[in-house]
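Scope of the values below: all heavy atoms of this structure, side chains included, with no hydrogens, waters or symmetry mates. Quick caveat, the model's predicted, so the values are computed rather than measured.
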Amino acid sequence: GGTILQTRGRSLYMRGNSALNTMGFAGSPYAGGRGSLGSNLYTVTVAGQTVSEDNTQRFNAPSHFYSLYNIGSTGVQADMKKFITFDNVAVTTITFTNAGSEAQTFTVQAQSAAATNPTDAVDELAGKVSLHSGSVNNNGLNNVVWSEVTVGLKAKGFEADGSTLKREITVPAGGSVDLSVVGVVYSDDLPDSKASFYDYVEYTPADAFKTGVTEFNRLWAEDIPYID
């Protein structure tokens, strides 16, 4: 599957080697310019548990990324899919499956280096980031701010606790629990990104994945010329 995340939006992407062994979008997110959006776009972790990837299950393509993760001592496995839409919406869907004989309860956490401020919604965080051209040493030009963008983080069923979104879940014995976490980068010039962000939050995890991959395939089919 490689270490460079292939899925990307119109301007949002993960530069260089991504931390694919971490759920969510860990690594170096960029949205134009030489300055990153922070150390991670966002991560999804489980409080008190070490989450380890089974990278033999990794699938990495322009449409989406998939891998399997083990949730510490719980015996629960997490099937994670993630993708970035054309409108710079970064979606993570996770199915937690418990093959054991006892229910497992734990707290899922989502954090972003850039989206740390509360909003009017209990399940949402946001922050402002300036995109800039880079320093004189990089390109011989003055460091110029190109744009100010908003980074958003929202997850249905979660609640903000400081700069972290949290949700306690119980995975029944022999059962599963689905959830999704959604991030976004948008500006006044890209109002569709903000609207799409809220749309993806309202989708079920299965519908979010189906919608994202279907839209990717539609755009791909439109962009690739037909040669007879």
Side-chain angles (χ1 to χ4, degrees), residues 5-15 24-44 62-65 81-93 110-134 143-160 163 165 179-224:
L5 187 66
Q6 295 185 39
T7 178
R8 61 165 297 160
R10 64 192 300 166
S11 58
L12 175 62
Y13 68 102
M14 306 298 291
R15 178 180 289 181
F25 289 84
S28 299
Y30 283 74
R34 297 189 63 87
S36 78
L37 297 170
S39 56
N40 301 304
L41 184 62
Y42 67 82
T43 59
V44 181
S63 61
H64 70 285
F65 174 91
K81 302 181 183 79
K82 64 182 178 182
F83 58 92
I84 303 175
T85 73
F86 177 76
D87 287 318
N88 294 337
V89 180
V91 181
T92 300
T93 68
Q111 289 181 298
S112 170
T116 58
N117 301 316
T119 70
D120 292 337
V122 298
D123 62 353
E124 183 179 356
L125 296 166
K128 298 283 189 180
V129 177
S130 294
L131 303 181
H132 55 86
S133 60
N143 190 18
V144 177
V145 174
W146 288 348
S147 178
E148 184 176 68
V149 298
T150 297
V151 179
L153 180 66
K154 191 173 177 71
K156 205 168 187 178
F158 285 64
E159 187 169 335
S163 59
L165 296 181
L179 59 80
S180 60
V181 178
V182 185
V184 69
V185 178
Y186 68 87
S187 65
D188 292 340
D189 297 331
L190 299 172
D192 290 347
S193 295
K194 183 177 181 180
S196 183
F197 169 59
Y198 289 112
D199 287 342
Y200 272 96
V201 170
E202 293 303 316
Y203 292 143
T204 66
D207 284 345
F209 178 72
K210 179 180 179 181
T211 300
V213 173
T214 299
E215 180 63 10
F216 171 85
N217 290 334
R218 184 189 67 80
L219 291 172
W220 184 265
E222 290 178 354
D223 290 344
I224 300 301

I'd like to check the ring-ring contact (aromatic ring centres under 6.0 Å, His included) partners of Tyr42; sequence neighbours left out, ordered by chain and number.
Phe25
Shortest non-hydrogen contact between Ser180 and Pro205, atoms and distance:
N-CG, 4.0 Å
Of all the heavy-atom pairs spanning Phe83 and Ala208, show the shortest one and how long it is.
CZ-O, 3.3 Å
Selection residues 110-119 - residue pairs positive for salt bridge (Lys or Arg N to Asp or Glu O under 4.0 Å), sequence neighbours left out
none
Just grab all the side chain to side chain donor-acceptor pair (under 3.5 Å) pairs involving residues 191-200, residues at least two apart or on different chains.
Glu124-Tyr198
Residue pair Leu37 / Val185: nearest heavy atoms and the distance that separates them
CD1-CG2, 3.7 Å
Considering all heavy atoms, the nearest Leu125-Thr119 contact
C-CG2, 4.2 Å
N/O donor-acceptor pair under 3.5 Å between Thr7 side chain and Ile84 backbone:
yes
Val151 versus Ser112, closest heavy-atom pair with distance:
CG1-OG, 4.2 Å
Qualifying residues under side chain to side chain contact (heavy atoms under 4.5 Å, CB included), relative to Ala113, sequence neighbours excluded
Ser39
Nearest-0.5 Å distance that lies between atom OG1 in Thr204 and atom CG in Leu179:
12.0 Å
Check: Gly24 main-chain N/O paired with Lys82 side-chain donor or acceptor under 3.5 Å
yes
Qualifying residues under ring-ring contact (aromatic ring centres under 6.0 Å, His included), relative to Phe209, sequence neighbours excluded
His64
Min side-chain heavy-atom separation Leu165-Val181 under 4.5 Å
no
Derivation and outcome, side chain to side chain contact (heavy atoms under 4.5 Å, CB included), residues Phe197 and Val182:
CA-CA 7 Å; Phe197 169 59; Val182 185; 3.6 Å; yes
Report the distance from atom CZ of Arg8 to atom OG1 of Thr85, rounding to the nearest 0.5 Å.
12.0 Å
Which heavy atom of Pro29 sits nearest a heavy atom of Leu41, and at what distance?
CG-N, 3.5 Å
Pair Phe86, Glu215 - check side chain to side chain contact (heavy atoms under 4.5 Å, CB included), show working.
CA-CA 9 Å; Phe86 177 76; Glu215 180 63 10; 5.9 Å; no
Roughly how far, to the nearest 0.5 Å, is CD of Glu202 from NZ of Lys154?
7.5 Å
Which residues pass the salt bridge (Lys or Arg N to Asp or Glu O under 4.0 Å) test with Lys128, sequence neighbours left out?
none
Give, for atom CG of Asp123 and atom CZ of Phe158, the distance between the pair rounded to the nearest 0.5 Å.
9.5 Å
Go through Arg10 and Leu190 one step at a time and tell me if the side chain to side chain contact (heavy atoms under 4.5 Å, CB included) criterion holds.
CA-CA 10 Å; Arg10 64 192 300 166; Leu190 299 172; 3.7 Å; yes
